[in-house]
Visitor: 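Quick one: this structure, given as structure tokens, is what I'll be asking you about.
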There are 2 protein chains.
Amino acid sequence: MKWDALEEEPCSLARTVAVIGDRWSLLILRECFLRIRRFDEFQSSLGVTRHLLADRLKKLVRFGVLRKIPYQDAPKRYEYILTQKGLDLYPIIMSIVHWGNIHMVDSRGRPLLHEHKNCHKMFDPVMVCSECGEPLTAKEVHVHPGPGARKSSPARAKAVENEAKR
Amino acid sequence: MKWDALEEEPCSLARTVAVIGDRWSLLILRECFLRIRRFDEFQSSLGVTRHLLADRLKKLVRFGVLRKIPYQDAPKRYEYILTQKGLDLYPIIMSIVHWGNIHMVDSRGRPLLHEHKNCHKMFDPVMVCSECGEPLTAKEVHVHPGPGARKSSPARAKAVENEAKR
DNA sequence: TATTGACAGTTCTAAAATAGAACTTTAGGA
DNA sequence: TCCTAAAGTTCTATTTTAGAACTGTCAATA
């Protein structure tokens, strides 16, 4: 399957994966949220090859996740900063970090702690229901075909159907 | 950089990316949460090559995200089901789906709707602070080096430092 | 008994993506 | 003049992936 095909799939996860679903894009975004902005900063902090970095930055700009802002005229130089669409990726990044904090840390403990400016405490992110505010777990959620649903594989259709009536 | 190196990085995001940071792993996990369990179901529903599917399933089992359960003896056949560690990936999957729902849907609308069994309403996931319960945004969070922090690139160290004192 | 089909992979080759290093361009400073 | 910085681009070798065919085990069917 080609990457381009993913963008067209009638699945919000597949379409998001088309944008951020590779190793380097996620690591680049991590750096963006730490306020890394320039090509060489990304390069030295990630160890990614310059070729791939240029390619991924271009892709993230194309998808509207990053914006190229000139910070110097002669020679022309740009910074890459997150757009609102990019800032909206924060819950994804945080939930990835949180899973790593729970399941992948070694004996040294967490590499990074997060403080909430509002309440001044170190926190973990918690995912809750927008309607009742209760924490969400996989087992407490049903899925239903939405208005954008389209024909999928028989196995998949069956699974969604079974799921909806559990 | 090799994939194996990612697992060793002092960064919870990098370590999680080592497990789920590729296109197919994320799509396989999506199917798992829709209760797809068998090799051929994954294959027909995803269109992934059998080779890669076998490879990714093996990797997810190795990392303890999936477990292979025999469901038939002659011939030996297995199902792949999520472990608790795998179920804990739910917030990641849901936040990816949610971002796609907001930023990547076409005019047809969402392919899938989610209902919370507790309150019987269609919902969106919201990420909140574990301490004060307020919704989280990138701008309201500080990062601090934690006990597992280690030397990183100068650019990165500088960014974390600047960040901590903002 | 021979044939077909389901399931869970493995093997093969060609095509695509990635790594690693060197090179380019524009400009400022020693 | 030579050196450095920043932001890429180009090159070749290696690795990964795509796509299709093949294997082995067993059950059901003709």
Side-chain angles (χ1 to χ4, degrees), chain A residues 1-6 9 14 17-28 31-32 36-62 66-81 153-155 158-159, chain B residues 1-6 9 14 17-28 31-32 36-62 66-81 153-155 158-159:
Chain A
M1 189 199 274
K2 300 285 158 51
W3 278 95
D4 300 2
L6 262 192
E9 289 229 348
V17 166
V19 181
I20 60 158
D22 70 283
R23 184 164 44 152
W24 290 119
S25 297
L26 283 164
L27 292 169
I28 288 167
E31 301 303 90
C32 291
I36 295 280
R37 309 187 150 168
R38 300 186 183 176
F39 192 92
D40 276 20
E41 287 181 324
F42 284 114
Q43 208 272 317
S44 71
S45 118
L46 291 174
V48 58
T49 63
R50 307 178 73 77
H51 185 120
L52 270 207
L53 177 58
D55 185 80
R56 292 299 188 272
L57 287 173
K58 207 170 286 171
K59 182 175 131 189
L60 290 170
V61 168
R62 178 160 54 78
L66 297 179
R67 189 168 31 213
K68 234 173 143 167
I69 306 281
Y71 70 90
Q72 163 184 309
D73 264 352
K76 271 277 189 201
R77 288 293 139 81
Y78 298 89
E79 294 189 316
Y80 294 89
I81 68 160
S153 77
K158 187 152 149 284
Chain B
M1 189 197 276
K2 302 285 158 53
W3 278 95
D4 299 2
L6 262 192
E9 289 228 351
V17 166
V19 182
I20 59 158
D22 71 282
R23 186 162 42 152
W24 290 120
S25 297
L26 284 165
L27 292 168
I28 288 168
E31 300 304 89
C32 291
I36 296 280
R37 308 188 150 168
R38 300 185 183 177
F39 192 92
D40 276 21
E41 287 180 323
F42 285 112
Q43 209 274 316
S44 71
S45 116
L46 291 173
V48 58
T49 62
R50 306 178 73 77
H51 185 122
L52 272 205
L53 177 58
D55 186 80
R56 292 298 188 273
L57 288 173
K58 208 170 286 173
K59 181 175 130 190
L60 291 170
V61 168
R62 179 160 51 81
L66 296 179
R67 188 167 32 215
K68 232 173 144 169
I69 305 279
Y71 70 89
Q72 164 183 306
D73 263 351
K76 270 279 188 201
R77 288 293 138 80
Y78 298 90
E79 294 188 316
Y80 294 88
I81 68 158
S153 78
K158 188 154 149 282

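Just so it is clear: chains get the letters A, B, ... in the order the sequence lines come, proteins before strands, and each one is counted from 1. All values below come from the heavy atoms of this structure, side chains included, with hydrogens, waters and symmetry mates left out.
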Visitor: Roughly how many Å is it from CG in B/D73 to P in C/dA8, rounded to a whole number?
Guide: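 Rounding to the nearest Å, CG of B/D73 and P of C/dA8 are 14 Å apart.
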
Visitor: Provide, to the nearest angstrom, the distance between the NZ atom belonging to A/K58 and the C1' atom belonging to D/dT9.
Guide: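 Atom NZ in A/K58 sits about 9 Å away from atom C1' in D/dT9.
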
Visitor: Grab the two heavy atoms, one from A/S25 and one from A/V19, that are nearest each other, plus how far apart they are.
Guide: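 Heavy atoms only, the tightest pair is OG-O, 4.0 Å.
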
Visitor: Calculate the interatomic distance between A/H51 atom NE2 and D/dA13 atom P; express it in whole Å.
Guide: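 In whole Å, D/dA13 P lies 16 Å from A/H51 NE2.
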
Visitor: Look at B/R37 and C/dC7 and indicate whether a side-chain polar atom (N or O) is within less than 4.0 Å of OP1 or OP2.
Guide: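 Answer is no, no contact under 4.0 Å.
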
Visitor: Can you check whether B/W24 has a side-chain N or O nearer than 4.0 Å to OP1 or OP2 of D/dT16?
Guide: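 No, outside the criterion.
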
Visitor: What is the distance, to the nearest angstrom, from the OH atom on A/Y78 to the P atom on C/dA27?
Guide: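 To the nearest whole Å, that distance equals 13 Å.
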
Visitor: If only side-chain N and O atoms of B/Y80 are considered, is one of them under 4.0 Å from the OP1 or OP2 phosphate oxygen of C/dC7?
Guide: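 For C/dC7, neither OP1 nor OP2 has a side-chain N or O of B/Y80 closer than 4.0 Å.
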
Visitor: Check the distance between C/dA8's C1' and B/I69's CD1 and give it to me in whole angstrom.
Guide: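 Atom-to-atom, B/I69 to C/dA8, this comes out as 17 Å.
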
Visitor: Kindly point out which of C/dT26, D/dG8, C/dA19 is positioned nearest to the side chain of A/P75?
Guide: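 Of the candidates, C/dT26 comes closest.
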
Visitor: Please answer whether the main-chain N or O of A/F39 pairs with a side-chain N or O of A/Q43 as donor and acceptor at a distance below 3.5 Å.
Guide: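 Checked: no pair found.
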
Visitor: Calculate, to the nearest 0.5 Å, the distance between atoms CD1 and NZ belonging to A/I20 and A/K59 respectively.
Guide: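 The distance works out to 9.5 Å.
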
Visitor: Hey, does A/Y71 reach any base, or is it just sugar-phosphate, or nothing, if we go heavy atoms under 4.0 Å?
Guide: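 Here A/Y71 touches the backbone only, sparing every base.
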
Visitor: Can you figure out which of C/dG9, D/dT17, C/dA19 approaches the side chain of A/L52 most closely?
Guide: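 So the nucleotide nearest the side chain must be C/dA19.
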
Visitor: How far apart are the closest heavy atoms of B/I28 and B/R56, and which atoms are they?
Guide: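 Taking every non-hydrogen atom into account, CD1-CB, 3.6 Å.
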
Visitor: Please report, rounded to the nearest Å, how far the P atom of D/dT9 is from the CG atom of A/L57.
Guide: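 My rounded result for the distance is 11 Å.
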
Visitor: Distance check: side-chain N/O of A/R23 vs OP1/OP2 of C/dA19, anything under 4.0 Å?
Guide: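 Result: yes.
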
Visitor: What about B/R50, does its side chain sit under 3.5 Å from the base of C/dA8 through a donor-acceptor pair?
Guide: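 Checked by distance alone, the answer is yes.
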
Visitor: Would you mind telling me which of D/dG8, D/dG19, C/dA19 lies closest to the side-chain atoms of A/A54?
Guide: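 Nearest to the side-chain atoms of A/A54, counting from C-beta on, is D/dG8.
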
Visitor: If you go through the side-chain atoms of B/R77, does one of them form a donor-acceptor pair with the base of C/dA8 closer than 3.5 Å?
Guide: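 When only heavy-atom distances are counted, B/R77 does not reach the base of C/dA8 through any donor-acceptor pair under 3.5 Å.
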
Visitor: Could you state the NZ-P distance from A/K76 to D/dA6, rounded to the nearest angstrom?
Guide: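 These atoms are roughly 18 Å apart.
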
Visitor: Out of A/L46, A/T49, A/L53, which one pairs with A/W24 under the side-chain contact (heavy atoms from CB on, under 4.5 Å) rule?
Guide: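 It is A/L46, the one option of A/L46, A/T49, A/L53 that forms the side-chain contact (heavy atoms from CB on, under 4.5 Å) with A/W24.
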
Visitor: As a test of reading the structure: which of D/dG8, C/dG20, C/dC7 is closest to the side chain of B/D40, going by heavy atoms?
Guide: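 Of the options given, the side chain of B/D40 lies nearest C/dC7.
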
Visitor: For the pair made of CZ in B/F39 and C1' in D/dG24, what is the distance, rounded to whole Å?
Guide: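 Atom CZ in B/F39 sits about 14 Å away from atom C1' in D/dG24.
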
Visitor: From C/dA8, D/dG8, C/dG9, pick the nucleotide closest to the side chain of B/R38?
Guide: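 The answer is C/dA8.
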
